[in-house]
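Atoms within a ligand are numbered from 1 in the order they appear, just like the ligands themselves.
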Amino acid sequence: MSLTELTIIEAREKLKKREISAVELTRAFLERIIRLEPQIGSYINVFPEKALEQAERADQRLARGEEGLLTGIPLAVKDVISIRGLPTTCASRMLAGYRPPYDATVITRLEEQGYVLLGKANMDEFAMGSSTENSALQTTRNPWAAEAVPGGSSGGSAAAVAAAECLGALGSDTGGSIRQPASHCGVVGLKPTYGRVSRYGLVAYASSLDQIGPLSKTVADSALLLQAIAGHDPLDSTSVSRDVPDYLGGLDRGVRGLRLGLPREYFIKEGMDPEVEKAVRGAIKALEAQGAECREISLPHTPYAVAVYYIIAMAEASSNLARYDGVKYGFREPESRGLGEMYRKTRSHGFGPEVIRRIMLGTYVLSAGYYDAYYRKASQVRTLIIRDFQEAFQEVDLILTPVAPTPAFRRGEKTADPLQMYLTDIFTISANLAGIPGLSLPCGFSSGGLPIGFQILGNYFEEARILQAAHAFEQAADYHRRRPPLKTTNSNPKQISR
Ligand code: GLN
């Protein structure tokens with residue numbers, strides 16, 4: 001088996017036993033990236049020298065027997081997470097030339113555990129989108145089918161994991177951006193509880209919804225990545241001071257006796273691809289066969305989730321993105337006379353059309369005359385959505401749903417109609433509105449050969465239980481072992497970084 005096919009857990013074993021070196025492993029990924037990137041386009045930037053330096057240090061650490069959770073493990077990081085001294089673009093022209101002067105807390109934690117950074121992954125501009133087509137910098141293709149989107153906004157991270165261009169990745173999830181691309185690319189993606197992982201150094205999109213989380217080939221790999229990044233951070237006042245359980249240690253507990261809820265509102269026929277419904281029902285049966293008890297539940301305010309989300313997310317985005325004014329960060333329009341014109345031109349030319357649309361809508365819903373009608377109303381309905389979950393978790397331990405109504409759609413299919421794009425988030429955004437954790441994992445393929453995922457939602461800080469159920473399902477299935485049929489081509493190594 002080639003080194004790039006390993007899981008993180010397997011690679012860790014081999015590194016520990018000194019069967020392979022971190023440098024060897026890192027080189028295998030750098031070579032694969034060079035050969036595959038012309039067809040996939042997962043990475044905005046690759047850092048071969050830094051990666052090999054980190055790998056050498058990892059080998060020294062392994063030789064001393066002082067390894068951490070991720071020593072020598074090559075990962076990709078979504079380009080919305082700050083790394084000191086390296087370009088952080090958020091796939092926007094607005095951040096051209098910007099290099100953060102500090103590390104995000106998740107990066108400090110990965111460093112402590114000895115990870116190797118391969119590069120920064122492509123995404124929708126400022127994490128706004130569901131297909132990665134809003135990247136101002138490049139296109140990412142779905143490794144399973146070049147004409148399909150990888151999902152978004154963490155499409156680069158998901159495609160990199162699926163194409164084995166890294167062992168695992170970090171993404172961010174504001175309304176589904178880890179879980180949905182994971183589902184479309186046939187990998188595992190976990191959005192932790194709001195406050196479980198520090199957001200310090202994550203470029204803010206909608207601060208009350210954003211969370212960083214892992215993407216990986218298997219559930220155990222995601223458990224390990226979460227173990228490394230979770231925990232209280234004094235630098236993020238919304239991070240919660242609460243012990244981090246042993247996620248890996250609890251994986252084998254199985255699902256016997258677990259009560260699983262199937263929300264009626266998530267199994268609607270309208271707009272749902274029958275192949276998705278079939279695959280998700282198959283997953284439910286498989287869990288029942290292992291002793292889980294399934295029952296129908298209701299989350300009655302689900303029909304309002306898309307509207308509520310897009311009001312709240314846009315309102316918060318319009319405020320967060322006010323800081324890009326041509327003075328503090330990256331891009332400034334050179335051809336302007338006077339401060340007002342500089343602001344105007346910088347913001348009109350630096351942001352792409354979707355970001356501008358959201359800033360305008362966000363400003364509108366917060367404006368004096370409309371605040372009560374939109375933002376306040378949306379916040380009230382958000383509370384009702386939170387209550388739906390609280391009531392449901394009185395009755396059940398976990399909730400099972402589809403991740404998206406269809407498998408990955410074709411590139412260009414929804415770009416002309418933003419509303420159609422927003423509607424694809426219907427099954428993922430409620431978890432962000434409520435702040436609860438959710439995981440997406442592969443449970444089938446469409447007749448066209450595209451992966452299908454299902455979602456497991458849990459109560460606050462119940463990541464361990466979600467991982468336990470997901471792991472049980474994975475053990476009985478083989479979807480996570482299937483790899484996209486990729487032919488590698490050679491390219492000029494210079495082409496992989498901008
Ligand atoms: N697709 C959603 C949006 O466009 C979610 C994005 C995200 O989770 N970052 O806002």
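Salt bridge Glu275/Lys278: absent, no basic N to carboxylate O contact under 4.0 Å. Note on Glu277 versus Lys269: salt bridge recorded, some NZ/NE/NH1/NH2 to OD/OE distance being below 4.0 Å. Here Arg387 does not pair with Glu391 in a salt bridge; the nearest charged N to carboxylate O distance is not below 4.0 Å.
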Residue pair Arg109, Glu112: steps toward the salt bridge (charged side-chain N to carboxylate O under 4.0 Å, His left out) verdict: CA-CA 5 Å; Arg109 296 205 169 153; Glu112 281 163 12; 5.4 Å; no

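Atoms of ligand 1 lying under 4.0 Å from at least one heavy atom of Gly175, given by number and element, are 5 (C), 7 (C), 8 (O). Of all the atoms in ligand 1, the ones that sit under 4.0 Å from a non-hydrogen atom of Arg358 are 3 (C), 4 (O), 10 (O). In the vicinity of Gly129, heavy-atom distances shorter than 4.0 Å reach the ligand 1 atoms 1 (N), 2 (C), 3 (C), 4 (O), 6 (C). Using a 4.0 Å cut-off to heavy atoms of Tyr205, the atoms of ligand 1 that qualify are 3 (C), 9 (N), 10 (O). Listed by number with element, the atoms of ligand 1 under 4.0 Å from a non-hydrogen atom of Ala127 are 6 (C), 7 (C), 9 (N). Contact atoms of ligand 1 toward Gly176: 8 (O) (distance under 4.0 Å to a heavy atom of the residue).
Any N or O atom pair closer than 3.5 Å counts here, and Met128 shares no such pair with ligand 1. At a 3.5 angstrom cut-off on N or O pairs, Asp425 counts as close to ligand 1. The shortest N/O to N/O separation between Tyr309 and ligand 1 falls below 3.5 Å.
Side chains of Ser130 and Asp425: a donor-acceptor N/O pair is present below 3.5 angstrom, by distance only.
Using a non-hydrogen distance threshold of 4.0 Å, Tyr422 does not register as a contact of ligand 1.
Note: Tyr374 and Tyr370 have tilted aromatic rings, judged against thresholds of 30 and 60 degrees for the angle between ring planes. The aromatic rings of Tyr324 and Phe126 lie tilted to each other, with the angle between the two planes from 30° to 60°.
Between Tyr479 and Leu441, the closest side-chain pair of non-hydrogen atoms is not below 4.5 Å.
The part of Ser153 lying near ligand 1 is the side chain, judged by heavy-atom distances below 4.0 Å.
At the shortest separation from atom 6 (C) of ligand 1 among protein heavy atoms lies Ser177 OG, 2.8 Å.
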